[in-house]
Amino acid sequence: MQQPQIQMLAYVALAMLLGGLVGLDREAARKPAGLRTHMLLSGGAALLVLLGHVMVRNYDAKVASHLTSDPIRIIEAVITGVSFLGAGTIIRNQRDGGHVEGLTTAASLLLAAAIGVSVALAQFVVALGLTILILSVLRLLGYVESRFAEQPPPAAPAEEQP
């Protein structure tokens, strides 16, 4: 096996590990997309970006002179795929007055893909920082949000009797 392929696998594994951290949070919250989904999504995003680099690099000189590469297209394809997964996590609960659920999980899937893309582009500090930011939003702000939800609404001021 060639060294670049081992490095690619290491990148994919790192993306899966970081995506898995986000997935653990979603798993703990019993959301529709959890540990395995986030891991696979992050790893898949990293792999697709890495394979895009390999394809461009492997064209011979004759073809390469006519090849125009747009790496943004690979990222767009990843986002399109993630959009289908995210849409599947969003539901409208008719029993709860049409309350929409799953938006945060869909957003976490999108950012799990961004983790994978960041790792594939060797932006490790960005990937790790993004993982920490995502977990902060999901855990810390989730806690803050639940605390506000537990508070009773403020009492309306008493109306004066004429």
Side-chain angles (χ1 to χ4, degrees), residues 7-53 70-162:
Q7 184 178 4
M8 283 176 62
L9 283 175
Y11 280 28
V12 170
L14 177 60
M16 291 177 78
L17 174 70
L18 294 175
L21 293 174
V22 176
L24 274 174
D25 176 82
R26 300 286 78 203
E27 196 77 43
R30 300 198 184 279
K31 298 302 179 180
L35 175 66
R36 293 181 300 165
T37 304
H38 281 79
M39 287 182 79
L40 293 172
L41 185 65
S42 290
L47 181 61
L48 291 172
V49 171
L50 290 168
L51 290 174
H53 290 307
D70 183 2
I72 299 300
R73 288 185 185 172
I74 295 170
I75 296 170
E76 287 174 349
V78 168
I79 299 305
T80 300
V82 171
S83 297
F84 281 104
L85 283 174
T89 67
I90 300 170
I91 61 171
R92 187 169 171 205
N93 190 340
Q94 296 297 336
R95 289 174 280 155
D96 194 19
H99 179 73
V100 177
E101 299 176 12
L103 292 171
T104 302
T105 298
S108 71
L109 287 171
L110 175 65
L111 286 171
I115 290 170
V117 170
S118 298
V119 169
L121 297 174
Q123 302 300 304
F124 303 119
V125 173
V126 171
L128 183 59
L130 180 58
T131 303
I132 292 168
L133 287 170
I134 295 167
L135 291 173
S136 297
V137 167
L138 293 175
R139 278 289 153 178
L140 298 175
L141 294 180
Y143 174 77
V144 169
E145 195 174 53
S146 69
R147 297 291 288 167
F148 278 107
E150 291 174 5
Q151 306 255 340
E159 291 185 27
E160 294 181 23
Q161 296 288 332

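Pairing each heavy atom of L14 with each of F124, the nearest pair is CD2-CD2, 3.5 Å. When every heavy atom of V49 is checked against every heavy atom of V117, the shortest pair comes out as CG2-CG2, 3.9 Å. In terms of heavy-atom proximity, V126 sits nearest to S118 at CG1-OG, 3.8 Å. In plain terms, the two heavy atoms of A120 and A46 that are nearest each other are CB-O, 3.3 Å. The minimum heavy-atom distance between L35 and G20, with the atom names listed, is CD1-O, 3.3 Å.
In this structure R139 satisfies the side-chain hydrogen bond (donor to acceptor under 3.5 Å, both in side chains) test together with D25, sequence neighbours excluded.
In this structure, CG on L41 lies 5.5 Å from CG on L109, to the nearest 0.5 angstrom. Within the model, atoms CD1 of I75 and CG of L121 stand 6.0 Å from one another, a figure rounded to the nearest 0.5 Å. For the atom pair CG of L48 and NE2 of H53, the computed distance is 11.5 Å after rounding to the nearest 0.5 Å. With rounding to the nearest 0.5 angstrom, the CZ atom of R26 is 13.5 Å from the CG atom of L21.
Just one of I134, L133, L135 meets the side chain to side chain contact (heavy atoms under 4.5 Å, CB included) condition when paired with T131; it is L135.
Sorted by first and then second residue, the side chain to side chain donor-acceptor pair (under 3.5 Å) pairs with a member in residues 37-52 read H38-S108; sequence neighbours excluded.
Within the 4.5 Å cutoff, no side-chain heavy atoms of V137 are placed close to those of L111. Side-chain atoms of M8 and L51, non-hydrogen and from C-beta on, do get closer than 4.5 Å to each other.
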Indicate every side-chain donor-acceptor pair of residues 76-90 with a distance under 3.5 Å to a residue at least two apart or in another chain.
from, atom 1, to, atom 2, distance (Å)
T80, OG1, E76, O, 2.9
S83, OG, I79, O, 2.8
T89, OG1, G86, O, 2.7
T89, OG1, G102, O, 3.4

